[in-house]
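Both ligands and their constituent atoms are indexed starting at 1 by order of listing. Sequence positions, counted from 1, serve as the residue numbers for this chain.
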Amino acid sequence: MKRTHFALIVGLLLIFTCSSWGFLVHRTVAQLAIYQLPSSMRAFFWKNRDSIVSQSIRPDVRRNTDKTEAPRHFIDLENYGDSAAWKMPLTKSEAIRAYTFDTLQKYGYVPYVVQDVLQQLTDAFRKGDKDSILFYAIDLCHYIGDANVPLHTSSNFDGQLTGQRGLHALWESTVPDQLMNGYRLRDGHKAQYIADPATAIWESVRRAHLLVQPMIDAERAASKETPDSIKYQMVHRYGRDMKVYTAAYGKIYGAHLGSMVQDQLLHTSDQIADFWYTAWVNAGRPDMDALLSQPLTKKDKKDCRMERKAFRKNRLIEKNLLLSRHQPGWE
Ligand SMILES: [Zn+2]
C-alpha cells in the first residue's frame with residue numbers, strides 16, 4: 001500500500017499489504033536482474049542473492065520509522081501540472097529550483113531518488129565498500145521498481161478518485177500473486193550501459209504513467225462482469241472486519257490487463273540490471289571478485305550455471321528456484 005496512514009483511516013480497506021509492487025514482485029525483479037549482469041559482476045551479486053532478494057523491500061519497511069521516506073517511493077504527476085511527466089526537469093537540483101523541496105516531499109519524487117541512489121551506489125563501487133555496495137544496490141532496485149508501477153506516478157494512487165479504492169494493491173500484488181506462475185520471466189535482455197540515467201528513469205515513469213488509464217479501464221471492465229460475491233470477501237485483520245478483493249478477482253482483473261503486469265515486471269528487472277551495471281562502469285569497473293570473502297566453490301559455480309540456465313529457459317518457477325516464493329514476509 002502506498003501510504004499506510006491512508007490505509008488505516010479508510011473504513012473499507014479493500015486489500016492489505018504493506019508493500020509497493022508487493023513483496024513478491026520486488027523480490028522477483030531483484031533476482032532476475034542478477035542473472036543479466038556480466039560475468040565480472042555476477043559472482044558477487046549471485047553470492048549475495050539471498051540478502052539482495054529478501055531485503056529488496058527494505059525501503060518500504062523504513063517508511064514505518066522515517067517520516068521523510070514515503071515521498072521517495074512515488075510521484076503524483078498530476079499535482080505538478082499538465083503533462084508534468086514530459087515537462088518536469090530531469091534532475092533534482094533543477095526540480096528544487098522550479099518547485100522547492102517541500103513540494104517534492106509533498107507530491108513525491110521517485111525519479112530523482114533513483115538518480116541519487118545511483119550516484120551513491122557508484123561511490124560505493126569506487127570505494128570498494130562491500131556493505132555499501134549491497135545497501136545501495138538493494139535500495140536502487142526498490143526505487144526503480146516503484147518508478148515502474150503506474151499508480152506510483154499518479155495522485156489517483158489507490159483508485160480512490162475513480163471509485164476503485166484498493167486498485168493499487170490489486171494491480172501490483174493480487175494480480176502477480178495469482179498469475180506469476182504463468183509469466184514469462186525473461187526477455188533476453190542483458191545489462192546495458194545507460195549513458196543518460198536521468199532520461200532513462202523518466203522514460204520509465206512516462207511509460208508507467210501512460211498505463212494508468214488502461215489499468216483503470218481494465219478494472220471497470222472486470223468489475224462489470226463480476227458479481228460482488230466473487231469480487232470481495234470479508235477478513236478479520238487488526239481487530240476489525242475488512243472487505244478485501246478475492247484471489248479469484250485478481251485472476252479476472254489480470255486477464256483484462258493482458259500482459260501489462262508481466263511486461264512491467266520484465267522492464268523493471270531489465271532496468272535494475274542496467275543501472276547496477278552503469279554504476280559499476282562509472283566507478284571504473286572495480287574488481288568485484290576481490291570483494292568476495294572467499295571465491296566461489298565448484299558447487300557455487302555449478303549452482304550459478306544451473307540457475308542461469310533455468311532463467312534463460314524461463315524455468316525458475318518450475319524448478320523451484322524463484323527465491324521470492326520462499327520468502328513470504330519480511331525477515
Ligand atoms: Zn516502495
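Placement of V53 and V61 in two distinct hydrophobic clusters is found when ILVMFWY residues are connected by side-chain heavy-atom separations under 4.5 Å, directly or transitively.
H73 contributes ND1 and D146 contributes OD2; the angle these two atoms make at the Zn ion (ligand 1) is 90°, rounded to 10°.
Seen from the ring of Y35, R308 does not count as a face-on cation partner, given the 6.0 Å and 45° thresholds.
The Zn ion (ligand 1) is closest to atom OD1 of D60 (considering only N, O or S atoms).
Between Y80 and Y99, the ring center distance clears the sub-6.0 Å criterion.
In this structure, Y253 contributes its side chain and M215 its backbone to a donor-acceptor pair below 3.5 Å.
Taking backbone and side-chain atoms together, H142 has an N/O/S atom less than 2.8 Å away from the Zn ion (ligand 1).
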